[in-house]
Amino acid sequence: MPIVTTDEQLREILTRFRRIAVLGLSDKSMRPSYGVAAFLQRQGYDIWPINPNLAGQMVLGRRVYGSLRDLPDAPEIVDVFRRSEFVAEIAEEAMTRGAKVLWTQLGVRDDVAAERASAAGLYVVQDHCPAIEYPRLGINRAGG
């Protein structure tokens with residue numbers, strides 16, 4: 001799959017996939033990860049919080065998992081709210097877990113990990129925020 005560079009590709013990802021593992025989701029409402037996850041949840045996406053420090057707790061009404069390995073099913077999108085130096089490890093876990101998309105947030109990128117994930121069949125979006133792209137692209141899928 002490609003490293004995503006076009007609006008058409010972004011639109012396809014945001015309309016085709018609905019299960020999003022938010023890796024690094026905070027329980028603090030003022031944090032970007034919380035705001036993005038809450039936005040996506042309001043748009044009808046199925047959010048799976050991932051944060052080893054909060055595993056077993058509830059955030060945004062959802063049980064928090066310690067890692068991608070702990071999820072009950074494969075996520076479609078892995079949305080990464082971690083620093084760039086962690087992307088390679090996360091990409092490996094996403095590939096092993098059967099994710100379809102590796103998505104890193106604004107300012108987060110690892111081109112080597114992106115190439116590996118792409119070669120393994122994942123769409124890769126780097127340095128973008130789905131909560132910005134969704135309205136910018138005029139997507140409307142609220143409620144599912």
Side-chain angles (χ1 to χ4, degrees), residues 1-54 57-68 70-111 113-144:
M1 292 296 160
I3 293 180
V4 175
T5 59
T6 70
D7 285 354
E8 182 179 307
Q9 292 168 318
L10 288 170
R11 187 176 289 109
E12 177 187 350
I13 289 167
L14 290 171
T15 57
R16 180 175 170 197
F17 302 114
R18 64 175 279 109
R19 288 190 319 268
I20 304 177
V22 183
L23 206 144
L25 179 63
S26 174
D27 60 347
K28 295 173 179 50
S29 62
M30 74 291 273
R31 299 296 303 260
S33 61
Y34 186 99
V36 170
F39 172 84
L40 293 170
Q41 196 173 50
R42 286 191 305 271
Q43 306 315 311
Y45 292 93
D46 188 12
I47 299 303
W48 294 350
I50 308 287
N51 185 324
N53 298 322
L54 302 173
Q57 297 180 37
M58 301 293 284
V59 174
L60 293 169
R62 299 299 310 260
R63 178 178 178 252
V64 180
Y65 295 91
S67 73
L68 290 173
D70 299 332
L71 293 175
D73 197 5
E76 292 175 310
I77 299 174
V78 175
D79 186 11
V80 181
F81 281 92
R82 298 287 314 275
R83 292 189 313 263
S84 296
E85 62 259 31
F86 297 109
V87 172
E89 178 183 335
I90 294 164
E92 290 295 326
E93 196 171 343
M95 289 183 277
T96 300
R97 194 62 179 101
K100 307 293 185 207
V101 181
L102 177 66
W103 187 304
T104 67
Q105 283 293 321
L106 295 172
V108 179
R109 67 180 307 122
D110 179 330
D111 293 336
E115 288 291 341
R116 290 197 64 208
S118 178
L122 278 72
Y123 290 99
V124 178
V125 180
Q126 294 194 98
D127 194 23
H128 282 74
C129 177
I132 292 171
E133 299 302 330
Y134 186 97
R136 184 183 71 78
L137 296 168
I139 299 168
N140 184 8
R141 63 174 279 167

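Just so you know, residue 1 is the first one in the sequence shown, and it goes up from there.
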[atom1]/[X] to [atom2]/[Y] distance, rounded to the nearest 0.5 angstrom?
| X | Y | atom1 | atom2 | result |
| --- | --- | --- | --- | --- |
| Arg109 | Asp127 | CZ | CG | 6.0 Å |
| Gln126 | Thr5 | CD | OG1 | 11.5 Å |
| Asp110 | Glu89 | CG | CD | 11.5 Å |
| Tyr34 | Ser26 | OH | OG | 9.0 Å |
| Lys100 | Ile77 | NZ | CD1 | 12.0 Å |

Check Arg136 with Glu133, please: is the shortest side-chain N to carboxylate O separation under 4.0 Å? yes
So does Glu12 pair up with Arg16, basic N to acidic O under 4.0 Å? yes
Among side-chain atoms of Asn51 and Gln57, is any donor-acceptor pair under 3.5 angstrom? no
Side chain to side chain, [X] and [Y], heavy atoms closer than 4.5 Å:
| X | Y | value |
| --- | --- | --- |
| Asp79 | Gln105 | yes |
| Ile13 | Val4 | yes |
| Leu40 | Pro130 | yes |
| Trp48 | Arg19 | yes |
| Leu14 | Trp103 | yes |
| Tyr123 | Gln9 | no |

Heavy-atom neighbours of [X] [atom1] exceed 12 at 6.0 Å:
| X | atom1 | result |
| --- | --- | --- |
| Glu85 | CD | yes |
| Arg116 | CZ | no |
| Arg63 | CZ | yes |

Where the side chain of Arg82 meets the backbone of Leu23, is there a donor-acceptor pair that is under 3.5 Å apart? no
For the backbone of Gly44 and the side chain of Arg18, can you confirm whether one donor and one acceptor N or O come within less than 3.5 Å of each other? yes
Residue from Leu68, Val101, Ile47, Ile20 passing side-chain contact (heavy atoms from CB on, under 4.5 Å) with Pro75: Leu68
